Peer 1: 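Here it is: the structure, laid out below.
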Amino acid sequence: MSQIILNGLFVGSFYALIALGYSMVYGIIKLLNFAHGDVYMIGAFVGFVTLTSFGGLTAAATVPTLILLILVAMIFTGLLGVGIERVAYRPLRTSPRLAVLITAVGMSFTLEYAVRQIFGPSPKAYPVRLSGGSLDLFGARVSTAQLALMGVAALLMVVLAFYVNKTREGRAMRAIALDPQASTLMGINVNGVIARVFFIGSALAGAAGVMAGAYYGSIDFLMGFVIGLKAFTAAVIGGIGNLYGAMLGGLTLGLLESFGSAWLGGEWRDVFSFACLILFLSFKPTGLLGARVVERM
Amino acid sequence: MSGLVVDGVDVHYGRVHALRSLSFEVGEGEIVSLLGNNGAGKTTTMNLLSGLVKATRGTITWNGTDLGSLPAHDLVTHGVVHVPEGRRIFSTMTVHENLMLGGYRVADASLVEKRVQQAYDLMPRLHERRKQQGGTLSGGEQQMLAIGRALVAGPRLLLLDEPSMGLAPLIVKQVMEIIAEVNQQGTTVLLVEQNAKAALRIAHRAYVVETGHVTLSGPAAELADDPRVVEAYLGA
């Protein structure tokens, strides 16, 4: 039982990291960025390229190298996210939403098949594997590297929550999500803040990409597709546009999957998680934390 | 020329000609009111001044600075602050956070603190409700919050678009008193209003705008007695 919970929380923390980017972008420009899962895939490939070009295959990596790798991937994918927004989404800012949505799908395919052209269609073995000892936690076996990765994910989320809720720039982000035009009147450079949101969201996805590569051991150009949908599911479960909702939704989805696999068998895992999405959309479309705003006019 | 000078401005929305060779001036320290009915071009004028729409012809200068060439988000750094129609406060953020956002471009944090405090002194109701979400305030309180938020930016020219809209007469009076108080402390005010009676009570001068250009102008006291204004805007 505690093993199921722990596995669920571990996978859930990946989902949460990716769902955060989904949710932040949706919150600020009301766009479902379907290319977001592919940014996660690119993050995994950046880690792959970095490691193979520095010293080749490492059988077992220590936690510090892994963290360094995560940082490199975060910077790269962050800048990639800014570029995507600049090239594909900003010119369509005032277009009908459907146009931007289709562009996002197109961007997703662009990233997937560009990586396929460069690295080929077959999966790549990730040159770094989580190693180190394992320990016993409430009767569940967990490796120290797993714990370290969960720690990194948790740290990133805490820093993000602080940034968004307590700083001047975070306040500007929340203001734009509510009313971009009034924000402009306050002197906020709306495009600049949106670019920053893309940087942060994409960097978090990149971090998750490296973690997933190291955890699952193999990566391929389509790995972002299903996880993108799952992050979307997590964001909806939590209440899309809500920061804590994305974190909670990610962990909830991880747990749901973990229990779904344990009770129904691993092959039913995705059926179970997407069935949950449908249930949420029918019965609580605002998600766990997406409460309706009370407003007096 | 000091103050705000709008000279021969045209604005088009697609094929709609919203402003036609509009010209007016606001001297430093004045309260000037733009009066007119729905669709006369008042809000377009405000959006033009704060950079949200661009003129197809004509110039807008504030103390010699060409406002037409600046991006909208840089206008506050020139002391031009716009309180938009419908208040547009950030509804799920607290009163205090709304005020802090007014100081977004003020680099000196202690100055922001000081101005937030001044806004609370001017409007004690906001202080009582500082931890409440903006959207839960009454209409009058939201209007005060919108004005307070603009004051934290440190305006030298305050653009107010229909501050009396949807408010009870007693509240309109309070809001107008606050505006007069802000003006006495040295802020130039451009006040756009449909409620001509309330606006003319505090304004020094006024312009009547019809279909995008000025049809009548003069000192507020004179306009308040002008039969054309009385008939069209003040009611019999």
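Note that this is a predicted model, so its numbers are computed, not measured. Protein chains get the first letters and strands the later ones, always in sequence-line order, with residue 1 at the start of each.
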Peer 1: Compare every heavy atom of B:S91 with every heavy atom of A:L178, then report the nearest pair and how far apart it is.
Peer 2: CD1-N, 4.1 Å

Peer 1: Is it the case that over 12 heavy atoms from other parts of the model lie below 6.0 angstrom from the OH atom of B:Y13?
Peer 2: yes

Peer 1: Closest approach of B:A72 and A:T184, non-hydrogen atoms and distance?
Peer 2: CB-CG2, 3.5 Å

Peer 1: Looking at B:Y104, does the NZ or CZ of A:R171 lie under 6.0 angstrom from its six-membered ring centre and within 45 degrees of the ring axis?
Peer 2: no

Peer 1: Could you tell me whether the side chain of A:V190 reaches within less than 4.5 Å of the side chain of B:H73, counting heavy atoms only?
Peer 2: no

Peer 1: Would you say CZ of A:R168 has more than 12 non-hydrogen atoms from neighbouring residues, nucleotides or ligands within 6.0 angstrom?
Peer 2: yes

Peer 1: Looking only at heavy atoms and a cut-off of under 4.5 Å, which of B:L159, B:V80, B:L101 has the most pairs with chain A?
Peer 2: B:L101

Peer 1: Kindly check if the number of other-residue, nucleotide or ligand heavy atoms within 6.0 Å of NZ (B:K54) is above 12?
Peer 2: yes

Peer 1: Mark yes when over 12 heavy atoms from residues, nucleotides or ligands other than A:K30 sit less than 6.0 Å from its NZ; otherwise mark no.
Peer 2: yes

Peer 1: Just so I know, are the side chains of B:L52 and A:L185 near enough to count as touching, which here means a heavy-atom distance under 4.5 Å?
Peer 2: yes

Peer 1: Take atom CZ of A:R86 as the centre, draw a 6.0 Å sphere, and report whether it contains more than 12 heavy atoms from other residues, nucleotides or ligands.
Peer 2: no

Peer 1: Give me the atom names and distance for the closest heavy-atom approach of B:F90 to A:D179.
Peer 2: CE2-O, 3.8 Å

Peer 1: List the steps and the verdict of side chain to side chain contact (heavy atoms under 4.5 Å, CB included) for A:R174 and B:E97.
Peer 2: CA-CA 10 Å; A:R174 287 180 291 139; B:E97 283 183 313; 2.8 Å; yes

Peer 1: Could you tell me whether the side chain of B:R105 reaches within less than 4.5 Å of the side chain of A:M186, counting heavy atoms only?
Peer 2: no

Peer 1: Under a 4.5 Å cutoff for heavy-atom pairs, which residue among B:H82, B:R87, B:R149, B:M93 has the most contacts with chain A?
Peer 2: B:M93

Peer 1: Just wondering, are more than 12 heavy atoms of other shown residues or ligands nearer than 6.0 Å to CZ in A:F76?
Peer 2: no

